[in-house]
Amino acid sequence: MTVIHKRTCHICEANCGILVEVEGRRVLSIKGNPDNPLSRGYICPKATAIADLQDDPDRLRTPMKRVGDGWEEMDWDEAYREIAAKVAAIDPVGTASAFYRGNPSAHDYALVLQSRHLQRAVGAKRSYSASTLDQMPHHYVQYQMYGHVSLAAVPDIDRTQALLILGGNPMASNGSLWTVPDFRGRVRELHARGGTMTVVDPRKTETAKVADHWVPIKPGTDTALLVAILKIVLEAKPDLRPGLAEVCDQNLDAVRDALAQFEIAGLSAFCGVSEDDIRAMAAPFTGDEPAAIYGRMGVSVCEFGAFNHWIVQLINLASGNLDRVGGTMFPKPLFDLVGLNGPGGVSTVVTSRGTLPSVMGETPMVAFADEMLREDDGRIKVLFVQSGNPVLSAPDGRKTEEGLQKLDLMVAFDPHITETSRHADYVLPPCGPLEKDHFNMFFGPLSVRNFGAYSAPTLPMEEGAKTDWEIVSELAIAVHAAKGSSAPNMQTPREQLDALLKASPAGMSLAEVEAMPDGVDLGPLEPCIKTRVKTHDQKIHVAPAELLADIERFAQTLNEVPEDALRLIGRRHVRSNNSWLHNSHRLVKGPDRCTLMMHPEDAKLRGIADGQAIAIQSDVTVIETTAEITDDMMQGVVSLPHGWGHNRSGLSWKTAADHAGVSFNDLVGTQRYDALTGNAVLNGIAVSVAPKEKEVAVA
Ligand SMILES: Nc1nc2c(c(=O)[nH]1)N[C@H]1C(S)=C(S)[C@@H](COP(=O)(O)OP(=O)(O)OC[C@H]3O[C@@H](n4cnc5c(=O)[nH]c(N)nc54)[C@H](O)[C@@H]3O)O[C@H]1N2
Ligand SMILES: Nc1nc2c(c(=O)[nH]1)N[C@H]1C(S)=C(S)[C@@H](COP(=O)(O)OP(=O)(O)OC[C@H]3O[C@@H](n4cnc5c(=O)[nH]c(N)nc54)[C@H](O)[C@@H]3O)O[C@H]1N2
Ligand code: SF4
Ligand SMILES: [Mo]
C-alpha cells in the first residue's frame, strides 16, 4: 500500500513542504506540497534526493571506531562507554574540550535542544560553528540594534515594489537568513505588479539573470556602494518617518555626520559602480513606494561584514521601509525563538591568536586550527564535530586537518566518513533523514510569512538506528556516569517543543500543530517593531558605538591600494548543498561543476582556453581544476564553488569521491576576518591563475 506523508524538506533554509510517497520503506516519489502556504508547491531538485540520502548504500549504519588505519564497527553502548571513559580521563573538567556544530545542526530542532546536555556533561567551554563562516555579522548587528541576535528584519518580497539584493543568489541558494521558498515565483509576482529587482554581484548569477538590472561590483568594495546609497537616502529623507522615530533611540544625525567625510564620487570610484548606477539603485529608497534592500554571503562573509549589514539596516530604516508592509519586517512565528530565548551577547575570547571577538559565546572558526595546533595548555584536546565538515568548509582545510590529527580524542556525529570525520576516533551515525521528525525552529523567525510546521517521522526507525538527539543525549548520560556526576532530568525534544510552542504568543500545543501537516499559517508579516524590539530601553539603537567607530576603519581602506590580483569568489549551485550532497548520483551527474569561471579577457591574457586545465595559486597553496570561460564573470574576478575536494583518501561517500573536485578552502588563509565579529573572509581571495604546467614525461 502506498502512503503519502507530508513533511518539511530539511536540506536548506527554504523549508519547502514536500509530499513523500512511500510503500513500506521504499520512497516512490517526492513532490512539492501545493497546500503548504509558505512554499506553495515549490521544490528544488534537492528534495527528490532526500530519497538518496535515506537509501544511501554508503551511509554508516553503526558506530565506527578507528583501529590503526581502518575502522571497526561497534555497538552503541560500547561506543558510549569507551568515549565517555576517554573524555573523563583526558579532560575531566572540560577546559580542553570543544564542539564544532555544522550547518545541518540548525535544521534539526531536536538536536539543537539536546546537544547542550552533552556539552554540559563534557563541560566543554569552547564552541565553534559554521555561524562564524556564514552569518555572525547578522547576529551581531541584530543584537546591537534590535537587542536580540535572532531578531531579523525580513524583506517582504510578496508586497515590495523594489528589491535590491547584494551578494545573495537566492535562485541557487533558495534564500538565506530569509526563508523564501519559490523565490522565482515570487519574483514573477513582483514583476507582474510592476515592481523591480536589482542584483549587485561580481557574477551575473542565476538571480541577476531574472532581475531587471545586474550591477557588477569588485569583491569586497560593497561598503562604499552601501555608504553612497545611505548618503543619498539621508539627503532625500533627513528625518525618520513618524512611527519609526519614536522607536529609535536617536535620529540619524550621528551617522550623517560621520559619513560627511565621504563624497559620492570617491565612493563610486572605489567600488567601480558609476554614480548614475548608484543613484538609480538609491532611487526607490528616496521615493514613497515600498522597497527593501537585502545583503547576504557576498557582503557578510568579508572584512566589513557587520558594518555592511548595519548600513543595510540603516538604508531600510532611513528610507522608512523598516517595519513597513513591502519593506522589511520582523516575523512573529508560531514558535517565538526571540521571545523565549535569551538575547545572546557580544564579547571577546582569548586565543593563541590574541583576543578575538566572540558573538553568542563562540570562538571564531579562523582560530579553530590554531587552537588545535597550539603547544601550550590552551590546546584543544577533545573535539566533538556535530554535523559539520570543517575540512572543506573552513579556511585552510589542510591546516585544519593537521589540527584534527593532533587531537587526543575526536568524536564525529555524521552519516559518513568525510574529509573531516576520517580524522575521528569515533564516528556516530544518525538514522536516515526520513526517520526523523522536523520543526522549523530557526527558520520561522526568518520566513516571509508568520509560519510554523511540524512533521512527524515519515518512516519507522530502522533496527539499531538512532536519531542525532538520541545519540547526543545517551552519550551525555554515559559521560556523566564516567565522571561520577549526576545527569540532569532530560525532557524529550517533543516535550520541550510542546512547552515552547505553548509559551509562544500563538500558544498552540504540539498536538494541535501536528494535526496541521501543511503547516500553521499565521498570515503575512506585519509591522510589529514596538512589541518586538528587545533592547533594554526598547528602542532601536541606531548608531551603536562599535559600528559607528568602524566608519574610520572603512575610511582607511579607501586610501589603500589593493594588491593587483584576480579576486576569487564562491558559487552555489541548485543541485548541491555545501559539501554533503555529492553522494547522490542524480545531483552530481552531468558536466563537472567544480570549474573556475573566468571572463574571456582574463583568460586571453593568460593564454587559457575554455576547458583547459589550470592552476589557481593563493598565498596558502595551489590547486588545479579546469577553466570555464564566460561573460557572466566580471573582469578581474574568478569563481569556484566551495564544498568540493573529495580527493582525500578513505572517504565513505564513493560517488562524491568519483566527482571529487577541489576544495576552495584549501586556498583560503585563516588570517582575514571581520574585525567586529571574527567571521571568516571567504570571498575576494587574491589569486593568480595560469595554465597547468604540463607534466614532464620521464624518459
Ligand atoms: N569558501 C567558502 N566556504 C564556505 C562557504 C562559502 O560560501 N564559501 N559557506 C559557508 C557556510 S554558509 C556554511 S553554513 C558552512 C557549512 O559548513 P559545515 O556545516 O561544516 O559543512 P557542510 O558541508 O554543511 O557539512 C555538513 C556535514 O554534516 C553531515 N550531515 C548531513 N546531515 C546530517 C544529519 O542529519 N546528522 C548528522 N549528524 N550529520 C549530518 C554531512 O555528512 C556533512 O559531513 O560552509 C561555509 N564555508
Ligand atoms: N543550492 C544550494 N543552496 C544553498 C547552499 C548550497 O550550498 N547550495 N548553502 C546554504 C547555505 S549554508 C547558505 S549560508 C546560503 C547562502 O545563500 P546566498 O548568500 O544566497 O548564496 P551564495 O551563492 O553564497 O551567494 C553569495 C553571492 O555573493 C556574490 N559575491 C561574492 N563576493 C561578493 C562581493 O564582494 N560583493 C557582492 N556584492 N557579491 C559578492 C557571489 O557571486 C554570490 O552570488 O545558501 C544555502 N542554500
Ligand atoms: S529549496 Fe530545495 S533543498 Fe531547499 S527546502 Fe526547498 S526543496 Fe528542500
Ligand atoms: Mo550557511
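Each ligand, and each atom within it, is numbered from 1 in the order the structure gives.
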Pull out every atom of ligand 3 sitting under 4.0 Å from any heavy atom of [X], numbered as shown with elements.
{"X": "Ile11", "result": "3 (S)"}
{"X": "Asn174", "result": "1 (S)"}
{"X": "Lys46", "result": "3 (S)"}
{"X": "Ala47", "result": "7 (S)"}

[Y] versus [X], side-chain donor and acceptor atoms under 3.5 Å:
{"X": "Ser576", "Y": "Arg571", "answer": "no"}
{"X": "His416", "Y": "Ser421", "answer": "no"}
{"X": "Ser39", "Y": "Asp182", "answer": "no"}
{"X": "His138", "Y": "Gln142", "answer": "no"}
{"X": "Glu419", "Y": "Ser579", "answer": "no"}
{"X": "Glu275", "Y": "Ser268", "answer": "no"}
{"X": "Tyr42", "Y": "Asn36", "answer": "no"}
{"X": "Asn578", "Y": "His642", "answer": "yes"}
{"X": "Thr8", "Y": "Asn15", "answer": "no"}
{"X": "Tyr140", "Y": "Asn679", "answer": "no"}

Which heavy atom of the protein is the closest neighbour of [atom], given with residue, atom name and distance?
{"atom": "atom 34 (C) of ligand 2", "value": "Gly298 O, 3.3 Å"}
{"atom": "atom 46 (C) of ligand 2", "value": "Ser173 O, 3.8 Å"}
{"atom": "atom 7 (O) of ligand 2", "value": "Asn578 N, 2.7 Å"}
{"atom": "atom 42 (O) of ligand 2", "value": "Asp201 OD1, 2.6 Å"}
{"atom": "atom 38 (N) of ligand 2", "value": "Asp222 OD2, 2.7 Å"}
{"atom": "atom 2 (C) of ligand 2", "value": "Ser576 O, 3.0 Å"}
{"atom": "atom 1 (N) of ligand 2", "value": "His573 O, 2.7 Å"}
{"atom": "atom 14 (S) of ligand 2", "value": "Asp134 OD2, 3.2 Å"}

Decide whether an N or O pair under 3.5 Å exists between [X] and ligand 2.
{"X": "Leu166", "answer": "no"}
{"X": "Asn169", "answer": "yes"}
{"X": "Ala172", "answer": "yes"}
{"X": "Pro219", "answer": "no"}
{"X": "Ile569", "answer": "no"}
{"X": "Arg572", "answer": "yes"}
{"X": "Arg203", "answer": "no"}

Phe554 ring center within less than 6.0 Å of Phe262 ring center = yes

Taking the six-membered ring for Trp, is the centroid-to-centroid distance between Trp644 and His582 below 6.0 Å?
-> yes

Could you tell me whether [X] approaches ligand 2 through its side chain, its backbone, both or neither, with non-hydrogen atoms closer than 4.0 Å?
{"X": "Ile217", "value": "side chain"}
{"X": "Lys46", "value": "side chain"}
{"X": "Val574", "value": "backbone"}

Step-by-step side chain to side chain contact (heavy atoms under 4.5 Å, CB included) determination, Asn169 to Arg203 = CA-CA 10 Å; Asn169 185 12; Arg203 180 167 75 91; 3.5 Å; yes

Options Gly167, Ala106, Ala14, Pro104, ranked by nearest heavy atom to atom 26 (C) of ligand 2, top entry | Gly167

Would you indicate which of Val215, Val301, Asn577 comes nearest to atom 5 (C) of ligand 2 when only heavy atoms are counted?
-> Asn577

Decide, yes or no, whether a salt bridge links Lys204 with Asp631 under the criterion of side-chain N to carboxylate O below 4.0 Å.
-> no

In ligand 2, the atoms that come under 4.0 Å of a heavy atom of Thr205 are 44 (O)

With heavy atoms of Arg296 as the reference, note each atom of ligand 2 found under 4.0 Å away.
-> 14 (S), 19 (O)

Check whether any side-chain heavy atom of [X] sits under 4.5 Å from a side-chain heavy atom of [Y], and report yes or no.
{"X": "Ser115", "Y": "Phe413", "result": "no"}
{"X": "Leu53", "Y": "Leu581", "result": "yes"}
{"X": "Thr557", "Y": "Glu303", "result": "no"}

[X] near ligand 2, heavy-atom distance under 4.0 Å?
{"X": "Pro202", "value": "yes"}
{"X": "Asn174", "value": "no"}
{"X": "Cys302", "value": "no"}

Taking both backbone and side chain into account, is any N, O or S atom of Cys44 nearer than 2.8 Å to atom 2 (Fe) of ligand 3?
-> yes

Go through the steps for Phe664 and Ile685 under the test side chain to side chain contact (heavy atoms under 4.5 Å, CB included), then give the verdict.
-> CA-CA 10 Å; Phe664 185 116; Ile685 312 299; 4.3 Å; yes

Quick check: does Cys12 put an N/O/S atom under 2.8 Å from atom 4 (Fe) of ligand 3?
-> yes

Given that the side chain starts at C-beta and the backbone is N, CA, C, O, which of these parts of Asn15 lies under 4.0 Å from ligand 3, counting heavy atoms, or is it both or neither?
-> backbone

